Amino acid sequence: KRVVVFISGGGSNMLALAKAAEAADFPAEIIAVISDKADAGGLAKAEALGIETFAFVRKDFASKDEHETAILEALDALSPDIICLAGYMRLLSGTFISRHEGRIINIHPSLLPLFPGLDTHRRAIEAGHATAGCSVHFVTEGMDEGPIILQTEVPVLAGDTPDALAARVLTVEHQTYPRALRLLAEDKVRMDGGKTVRVEG
Ligand code: GRF
């Protein structure tokens with residue numbers, strides 16, 4: 001399966017996906033990385049792996065719609081089977097999502113539906129939760145609310161700062177995202193009627 005990864009920053013999750021995809025038995029290939037920031041650190045990491053990169057800088061476009069249209073045109077040429085959002089910090093419009101419904105997944109650093117949005121680790125600590133974690137989910141129009149594919153729990157330790165917890169969760173994200181991508185690329189999961197359906201066998 002052909003995969004395009006969207007980033008806005010360092011791209012550590014993109015790198016984890018690219019590394020996993022190098023395995024001969026991995027059922028997906030990262031064919032391109034798209035960023036909304038020209039200086040995203042992940043672009044250099046992708047290029048170092050020989051992966052084609054594109055930057056669509058929002059301020060270069062008169063509107064959100066024109067920005068998304070440029071990205072959609074690039075995607076039409078790439079014809080991906082799967083789009084992985086990985087630290088992509090921009091909400092996609094319903095128009096965009098409906099063009100690729102069921103093919104867009106995202107990793108979020110919390111145990112959804114807990115803590116959608118930003119600053120998830122500080123919120124988990126302040127709520128006194130004993131576990132935090134990450135979620136890979138199908139992307140739907142609402143933010144961080146699509147059906148879940150995989151979640152992994154991470155303990156919150158006494159005295160954890162948000163940064164310490166974030167680092168512990170990020171390590172687990174790098175294991176969880178490739179596992180979720182494999183499930184989707186092997187057609188072991190799909191989105192049906194707003195729910196994740198696991199296809200047995
Ligand atoms: C990660 O915590 C990810 O869950 C969130 O963005 C953070 C940075 O991701 N979506 P990356 O290092 O750019 O992949």
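As the structure lists them, so they are numbered: ligands from 1, and atoms in each ligand from 1. Remember, predicted model here, so these are calculated numbers, not experimental data.
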For the residue pair Glu66 and Ser63, what are the closest heavy atoms and their distance? N-OG, 3.0 Å
Can you list every side chain to side chain donor-acceptor pair (under 3.5 Å) pair that touches residues 1-30, not counting sequence neighbours? Lys1-Asp187, Ser8-Asp36, Ser12-His174, Asn13-Glu173, Asp25-Arg182
So does Asp39 pair up with Lys37, basic N to acidic O under 4.0 Å? no
Pairs of nitrogen or oxygen atoms, one from ligand 1 and one from the protein, closer than 3.5 Å: please tabulate them with distances.
{"from": "ligand 1", "atom 1": "2 (O)", "to": "Glu173", "atom 2": "OE1", "distance (Å)": "3.4"}
{"from": "ligand 1", "atom 1": "2 (O)", "to": "Glu173", "atom 2": "OE2", "distance (Å)": "3.1"}
{"from": "ligand 1", "atom 1": "4 (O)", "to": "Glu173", "atom 2": "OE1", "distance (Å)": "2.6"}
{"from": "ligand 1", "atom 1": "4 (O)", "to": "Glu173", "atom 2": "OE2", "distance (Å)": "3.3"}
{"from": "ligand 1", "atom 1": "10 (N)", "to": "Ile107", "atom 2": "O", "distance (Å)": "3.4"}
{"from": "ligand 1", "atom 1": "12 (O)", "to": "Ser12", "atom 2": "N", "distance (Å)": "3.1"}
{"from": "ligand 1", "atom 1": "12 (O)", "to": "Ser12", "atom 2": "OG", "distance (Å)": "2.6"}
{"from": "ligand 1", "atom 1": "13 (O)", "to": "Gly11", "atom 2": "N", "distance (Å)": "3.0"}
{"from": "ligand 1", "atom 1": "14 (O)", "to": "Ser12", "atom 2": "N", "distance (Å)": "3.2"}
{"from": "ligand 1", "atom 1": "14 (O)", "to": "Asn13", "atom 2": "N", "distance (Å)": "2.8"}
{"from": "ligand 1", "atom 1": "14 (O)", "to": "Asn13", "atom 2": "ND2", "distance (Å)": "3.2"}

Determine the minimum heavy-atom distance between Ile97 and Val139, stating which atoms define it. CG2-O, 3.7 Å
Any donor-acceptor pair under 3.5 Å from Arg168 side chain to Pro155 backbone: yes
State whether Arg122 and Asp160 are salt-bridged, where the test is any N-O pair (Lys NZ or Arg NE/NH1/NH2 against Asp/Glu carboxylate O) under 4.0 Å. no
